[in-house]
Amino acid sequence: MTDLTAVKDALKSQAIETPSWAYGNSGTRFKVFAQPGVPRDPYEKLDDAAKVHEFTGVAPTVALHIPWDRVQDYAALARHAEERGVRLGAINSNTFQDDDYRLGSICHPDAAVRRKAVDHLLECVGIMDATGSRDLKLWFADGTNYPGQDDIRARQDRLAEGLAEVYARLGEGQRMLLEYKFFEPAFYTTDVPDWGTAYAHCLKLGPQAQVVVDTGHHAPGTNIEFIVATLLREGKLGGFDFNSRFYADDDLMVGAADPFQLFRIMYEVVRGGGLTSEVAFMLDQCHNIEAKIPAIIRSVMNVQEATAKALLVDRPALAAAQAAGDVLGANAVLMDAYNTDVRPLLREVREEMGLDPEPPAAYARSGWAEKIVAERVGGEQAGWGA
Ligand code: PSV
Ligand code: MN
């Protein structure tokens, strides 16, 4: 039997971080479709993020991406967030949108380019000092397109050297989260292609370096929950970038393509004791054709639903079936939880938190969408690269 009060308490204290860039315009390499009412600066992105938190109650922090969210005064930006009931979260670095980075950034063969990349990462730690952010999220587009283009092993050495310099700059309580991705934009080798490479670097760096799992960054068929279980067991799971994929790094709404996979991941999180603030549960998504704020609300709810189902797994019954070698019984315990309709439970949780039980409808009624379309005229809309 599951303790429903404990399940509800866990759901009430859940924290899902939304990404500033999901509020801005985005697209594929073919087209960026502009949407009316889209924020024009980081302040307006925070205004929208605050609405997601207001209606879901579980999205209290917002990740920034530098330079897309560069401002004069980060302390003022942090205050702007706090005045709206949210806080600034992870600082995401960007060493992939500059001509200098054609052959890589921190792994580039030219020491001057590596210096520039490391300096950017150090600048990001400085921003963390000003915003009070705990996590620096690192993703490198570094890699090669052709066999022989560069020395695979030397690139690992350069990576280790650059990461060590940034690690040494971290303050107490600050962390470095290293993200991996198996390909794109490099098509032959990628310098941090998988969790094993990220883990090896983080292990050498020390306890403030942790691996981040972007759910969209795996080859089809990869057992992501196994990776999650292993990283948690090793004390090296720093966080998630949640999103869904059908084909490559699609950045679709988390839980949209494969809600069962999301449940399996969240079950390993719960099983491994990872449902704590030590693991950063972030979204990393782009809403190219759908309305952005409602899509982010839906994404937060999808994570909540998967978490609720994971919490409902009858673990004593599962353990008993597993110990008895009862293959079908064990599978049935897990599937019972997955097949539970948790929406009534989540409606109750929201009511107990003083929220409207139906966040999408409450947001639609709030008039915020109409207000931003009317007010955000003129200026340049935020989007990829801005
Ligand atoms: C790379 O594909 C990535 O997942 C990294 O987290 C980047 O910072 C982010 O996308 C930008 O959306
Ligand atoms: Mn990511």
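Both ligands and their constituent atoms are indexed starting at 1 by order of listing. Quick caveat: nothing in here was measured; it's all calculated off a predicted structure.
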Shortest protein heavy-atom distance from atom 5 (C) of ligand 1, along with the residue and atom involved: Glu179 OE2, 3.3 Å
Find out whether the Lys NZ or Arg CZ of Arg245 is both under 6.0 angstrom from the six-membered ring centre of Tyr247 and within 45° of the ring's axis. no
Please evaluate residues Asn94 and Gln97 with respect to the criterion side-chain contact (heavy atoms from CB on, under 4.5 Å), reporting the C-alpha separation (whole Å), side-chain torsions for both, the decisive distance (0.1 Å), and the verdict. CA-CA 7 Å; Asn94 183 324; Gln97 283 184 314; 3.0 Å; yes
If you group Ile, Leu, Val, Met, Phe, Trp and Tyr by side-chain heavy-atom gaps below 4.5 Å, do Val58 and Val62 land in one group?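 Result: yes, single cluster for both.
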Please classify the [X] to ligand 1 contact at 4.0 Å (heavy-atom distances, strictly less than): side chain, backbone, both or neither.
X	value
Asp241	side chain
Asp249	side chain
Glu184	neither

I'd like to check which ligand 1 atoms, numbered from 1 as shown, lie under 4.0 Å from a non-hydrogen atom of [X].
X	result
Asp214	4 (O)
Lys181	2 (O)
His65	7 (C), 8 (O), 11 (C)

Just by distance, no angles: are the side chains of Asn243 and Asp251 close enough, under 3.5 Å, to form a donor-acceptor pair?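 Yes, because at least one side-chain N or O of Asn243 sits under 3.5 Å from a partner of the opposite role on Asp251.
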Going by atom types alone, do Trp368 and Asp48 pair a side-chain donor with an acceptor below 3.5 Å?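 Side-chain D/A pair, Trp368 to Asp48: present.
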Any N or O on [X] sitting closer than 3.5 Å to an N or O of ligand 1?
X	value
Trp21	yes
Asp284	yes
His217	yes

To the nearest 0.5 Å, tell me how far Glu165 CD sits from Arg114 CZ. 11.0 Å
If the threshold is 4.0 Å, N to carboxylate O, is there a salt bridge linking Asp98 and Lys116?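 The answer is yes: the pair qualifies as a salt bridge.
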Would Asp241 and Lys137 pass as an ion pair if we require N to O under 4.0 Å? yes
Please state whether the rings of Phe281 and Phe240 are parallel, tilted or perpendicular, taking 30° and 60° as the class boundaries. parallel
Relative to each other, are the rings of His217 and Trp139 parallel, tilted or perpendicular (30° and 60° limits)?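 Rings of His217 and Trp139: tilted, as their planes differ by 30° to 60°.
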Close aromatic pair by centroid cut-off 6.0 Å: Tyr338 and Phe263: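 Close enough - the centres of the two rings lie under 6.0 Å apart.
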Which protein N, O or S atoms lie under 2.8 Å from the Mn ion (ligand 2)? Glu179 OE2, Asp214 OD2, Asp241 OD2, Asp284 OD2
